[in-house]
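Here the structure is laid out as structure tokens; the discussion comes afterwards.
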Amino acid sequence: MLSEQVHAHLRTAIMRGDHAPGAALKPQDLARDQGVSLAVVREALVRLVGEGLADRLPNRGFAVPEFSDRRWQEIAEARRTIEPVLLRLSIARGDVDWEARVRAAHHRLARTPAFAPAEGAYYTEAWSEAHRRFHRTLLEACGNPVLMETFDRLWTVSELARRWSAHRNPDRDGAEEHRRLEEAALSRDADAAAAVLVRHLTLTAAGLTDQP
């Protein structure tokens with residue numbers, strides 16, 4: 001389906017950094033570049049708005065969100081409120097199979113190359129999926145599908161901001177943060193694990209302030 005193809009193309013381009021934060025997404029130009037109709041491009045852009053990857057501006061069309069947009073701090077606050085609770089529940093309720101899944105998810109994350117020349121300066125899709133899987137696996141033993149759906153929604157709308165934050169803070173040791181998170185969770189130290197997770201999320205949000 002054409003709209004699916006255009007949506008996938010635009011999503012990848014935004015995630016890869018081809019369109020800078022705040023850049024206009026002009027339907028006419030995009031339609032010409034993709035060789036499709038305006039209707040197809042507009043449908044794709046509306047979907048991107050729903051995913052938090054584009055803004056619809058009154059009388060101004062569409063644009064990539066600004067990296068300093070307050071929404072990212074609000075999403076980070078929501079994640080810092082919800083995810084430590086889920087992690088505590090997961091640690092309390094998780095069994096040996098959960099421990100094995102956490103270990104495997106962290107191993108895959110640690111062994112997946114984060115960057116590839118063909119995918120630009122931002123993280124690769126493979127690494128991003130391994131990253132999502134690790135964080136989700138840590139929480140999934142909470143036993144509450146409604147809360148996990150909330151996690152999934154927040155993750156989707158924060159993914160672009162996470163990539164920007166990582167790009168602006170190349171010296172951050174995310175691998176060590178993930179190692180400490182795995183270690184605390186599998187040690188069943190809920191207080192330590194929650195603290196590591198809160199700091200992890202806070203550092204990501206801090207990378208999206210107006211500081212250079």
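Any value given below was found using the heavy atoms of this structure, including those in side chains, with hydrogens, waters and symmetry copies removed. Position 1 is the first residue of the sequence, and the numbers go up from there.
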Any idea which heavy atoms bring [X] and [Y] closest together, and the distance?
X      : Y      : result
Ser165 : Leu203 : OG-O, 4.0 Å
Ala193 : Ala185 : CB-N, 4.0 Å
Arg56  : Val46  : NH1-CG2, 3.6 Å
Phe134 : Leu109 : CD2-CD2, 3.8 Å
Leu87  : Leu138 : CD1-O, 3.8 Å
Leu86  : Phe151 : CD1-CB, 4.3 Å

Are the side chains of [X] and [Y] in touch, meaning some heavy atoms are under 4.5 Å apart?
X      : Y      : result
Glu51  : Glu159 : no
Leu197 : His135 : yes
Ser128 : Arg163 : yes
Leu25  : Ile14  : yes
Leu160 : Pro65  : yes
Arg88  : Arg93  : no
Asp191 : Asp189 : yes
Asn144 : Leu89  : no

Legend entry - Pair Glu129-Arg132, salt bridge (Lys or Arg N to Asp or Glu O under 4.0 Å): steps then yes or no: CA-CA 5 Å; Glu129 175 56 22; Arg132 183 193 71 83; 2.7 Å; yes
[X] side chain to [Y] backbone, donor-acceptor under 3.5 Å:
X      : Y      : answer
Thr112 : Ala130 : no
Arg168 : Gly207 : yes
His178 : Gly174 : yes
Gln73  : Ala205 : yes
Trp72  : Glu66  : yes
Ser158 : Ala161 : no

Salt bridge check: are [X] and [Y] linked by an N-O gap of less than 4.0 Å?
X      : Y      : result
Asp55  : Arg71  : yes
Arg47  : Glu43  : no
Arg199 : Glu177 : no

Legend entry - Proximity of His131 and His106 rings by center, below 6.0 Å: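 No - the distance between ring centres of His131 and His106 does not fall below the 6.0 Å cut-off.
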Inset, instruction - Sequence neighbours left out, what passes ring pair (Phe, Tyr, Trp, His ring centres under 6.0 Å) with Phe62? Give chain and number order. - result: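 Listed in chain order: nothing, the list is empty.
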Legend entry - Residues in ring pair (Phe, Tyr, Trp, His ring centres under 6.0 Å) contact with His19, at least two apart in sequence or another chain: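 Checked His19 against ring pair (Phe, Tyr, Trp, His ring centres under 6.0 Å); zero matches.
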Quick check: are there more than 12 heavy atoms from other residues, nucleotides or ligands sitting under 6.0 Å from [atom1] of [X]?
X      : atom1 : result
Glu77  : CD    : no
Arg180 : CZ    : no
Arg108 : CZ    : no

Inset, instruction - Go through the steps for Arg188 and Glu99 under the test salt bridge (Lys or Arg N to Asp or Glu O under 4.0 Å), then give the verdict. - result: CA-CA 10 Å; Arg188 302 289 180 154; Glu99 292 181 357; 2.7 Å; yes
Inset, instruction - Rounded to the nearest 0.5 Å, what's the gap from CG on Leu53 to CZ on Arg11? Could you check? - result: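 Leu53 CG to Arg11 CZ: 5.5 Å, rounded to 0.5 Å.
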